[in-house]
Amino acid sequence: MKIKDIGGEFALIDRLSRIAAVGHPDLVQGIGDDAAVIRTAPSPAPYLLVTTDILVEDRHFKRQWARPEQIGMKSVECNVSDIAAMGGKPTWMFISLVLSDEADLSWSENLYEGIAHACRRHHVFLAGGDTTRGEKIVINISLLGEVAEDRLCLRSQARVGDRLMVTGTLGASAAALSLLQARIQPSQYLLDKHLTPSCRLSEAQIIAPLAHAMIDISDGLGSEVYHLCQCSGVSARLEGSTIPLHADVTAAASLLGVAALDFALSGGEDFELLFSIAPEKIDALKKTGVPFNDVGEIIAGPGTPGINTADGRCIILPGGYDHFT
């Protein structure tokens, strides 16, 4: 039986976690969120956050499209984004690196220049790691962080009646990738969003005290809404017309003959934030100056999340990116 036969990546994670997971009184949140949450000392000491992410050559990046500095920066940003989604701040980083014979010394040093640049931006300290040789380049980062108990945001905290919000615009990275695959040069905006994305760490610090649940948008908005609803035991209804799309994403969709909204719902690597917030806290959120867009609401469930279309229909919300399907 193939992994795709059981439902893909997230079904696999669920099965493996049930086999290997062992309970511990200091494990506040284990497998199933953007980062693990560990109690390191009696309150009010902050919780320890732990996340890990893998970037594989030709799966997550291509050297013919991206410079090594860009690959290095992106590898850090996608990990910091997970810590941000928990309401936390990143601290220590560990890197395990697999290098192919084609990755010479200059390429490797430039990769680490990009890593160092992103670490300085987010005040992250590289504390160790490992290297070996393989057929393809693999960058595996483990990142630690910390969060105060009263600022912790979990996927499981969404409540019926909450509004669903996203920071920034969506779909740009997926649109750029589709254009590159079609041998069409993306606009500079799309290219930057794909090759050198920036996560929403500073915005997350402001949002966390006001939000109930939060998750980073790395596998498409549709996928993240499903995760949030499943973990919280609720459902959701999105408004397709309010999902923010940059004009370049719309233009790319027109050029490729596809629906622009699909880039946002089923694409990936936007590294924006999706969060749920009580309606009475929206005014306080507006006063912070953090950019956000209201894209829907949390409704009673559990059930399959839906999305209202421009022609007045409500359809099942499409899922996002899955590594195994």
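This structure is a prediction, so every number in the text was calculated from the model and none was measured.
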Please give me the minimum heavy-atom distance between [X] and [Y], naming the atom from each residue.
X	Y	result
Pro318	Ile307	CD-CG2, 4.4 Å
Ala236	Cys229	CB-SG, 3.6 Å
Leu285	Ile207	CD1-CG1, 4.3 Å
Asp216	Ser81	OD2-OG, 2.8 Å
Leu221	Ile217	N-CG2, 3.8 Å
Leu228	Ala158	CD2-CB, 3.3 Å

Thr242 side, atom OG1; Leu238 side, atom CG - distance, nearest 0.5 Å: 7.0 Å
Report the distance from atom CG of Leu273 to atom OG1 of Thr167, rounding to the nearest 0.5 Å. 4.5 Å
Could you tell me which residues satisfy side chain to side chain donor-acceptor pair (under 3.5 Å) with Asn79, sequence neighbours excluded, listed by chain and number? none
With Gln230, which residues qualify under side chain to side chain donor-acceptor pair (under 3.5 Å), at least two apart? none
Taking the hydrophobic residues Ile, Leu, Val, Met, Phe, Trp and Tyr, and joining any pair whose side-chain heavy atoms are under 4.5 Å apart, which ones share a cluster with Ile299?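 ILVMFWY cluster around Ile299 holds nothing else.
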Is a side-chain donor or acceptor of [X] paired with a backbone partner of [Y] at a separation under 3.5 angstrom?
X	Y	answer
His60	Val56	yes
Asn110	Trp107	no
Glu109	Ser106	no
Ser156	Ser232	no
Gln205	Gly88	yes

Acceptor/donor pairs from residues 124-147 side chains to any protein atom, 3.5 angstrom cut, sequence neighbours excluded:
| from | atom 1 | to | atom 2 | distance (Å) |
| --- | --- | --- | --- | --- |
| Lys136 | NZ | Asp58 | OD2 | 2.7 |
| Asn140 | OD1 | Thr52 | OG1 | 3.3 |
| Ser142 | OG | Thr52 | OG1 | 3.4 |

Give me each pair satisfying side-chain hydrogen bond (donor to acceptor under 3.5 Å, both in side chains) with a member in [range], each pair once, sequence neighbours excluded.
range	answer
residues 244-263	Ser187-Asp248
residues 294-317	Arg163-Asp294, Glu239-Asn308, Thr309-Asp311, Asp311-Arg313
residues 86-99	none

Under the rule for salt bridge (charged side-chain N to carboxylate O under 4.0 Å, His left out), what residues qualify as partners of [X], not counting sequence neighbours?
X	answer
Arg67	Glu69
Arg237	none
Arg121	Glu77

One pair to check against side chain to side chain contact (heavy atoms under 4.5 Å, CB included): Leu164 and Val295. What are the steps and the verdict? CA-CA 6 Å; Leu164 282 172; Val295 297; 4.1 Å; yes
Is it possible for you to say whether [X] and [Y] belong to one hydrophobic cluster, with membership spreading through side-chain heavy-atom contacts below 4.5 Å?
X	Y	result
Val76	Met73	no
Leu180	Leu190	no
Leu111	Trp65	no
Leu265	Leu245	yes
Leu170	Tyr226	yes

Distance-only polar pair, side chains of Thr169 and Tyr189, donor-acceptor under 3.5 Å: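 There is such a pair between these side chains.
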For salt bridge (Lys or Arg N to Asp or Glu O under 4.0 Å), just list the numbers for Glu57 and Lys62, CA-CA rounded to whole Å, side-chain angles, deciding distance to a tenth of an Å, and then say yes or no. CA-CA 6 Å; Glu57 183 181 8; Lys62 290 183 180 290; over 6 Å; no
Tell me which pairs pass ring-ring contact (aromatic ring centres under 6.0 Å, His included) where either residue lies in residues 258-316, with sequence neighbours left out.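 ring-ring contact (aromatic ring centres under 6.0 Å, His included) check on residues 258-316 returns no pairs.
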Show the numbers, then the answer: is there a side chain to side chain contact (heavy atoms under 4.5 Å, CB included) between Arg159 and Val234? CA-CA 7 Å; Arg159 304 175 188 176; Val234 296; over 6 Å; no
Atom CD1 of Ile315 with >12 non-hydrogen neighbours under 6.0 angstrom: yes
Going by atom type alone, with no hydrogens or angles, which donor-acceptor pairs under 3.5 Å involve a side-chain atom of residues 191-202 and a protein atom two or more places apart or on another chain?
| from | atom 1 | to | atom 2 | distance (Å) |
| --- | --- | --- | --- | --- |
| Asp192 | OD1 | Gln188 | NE2 | 2.8 |
| His194 | ND1 | Ser173 | O | 3.4 |
| His194 | ND1 | Ser173 | OG | 2.9 |
| Thr196 | OG1 | Asp192 | O | 3.1 |
| Arg200 | NE | Glu272 | OE1 | 2.7 |
| Arg200 | NH1 | Glu203 | OE2 | 2.9 |
| Arg200 | NH2 | Glu272 | OE1 | 3.4 |
| Arg200 | NH2 | Glu272 | OE2 | 3.4 |

Whether Glu269 and Lys74 form a salt bridge (side-chain N of Lys/Arg under 4.0 Å from carboxylate O of Asp/Glu) is what I want to check. yes
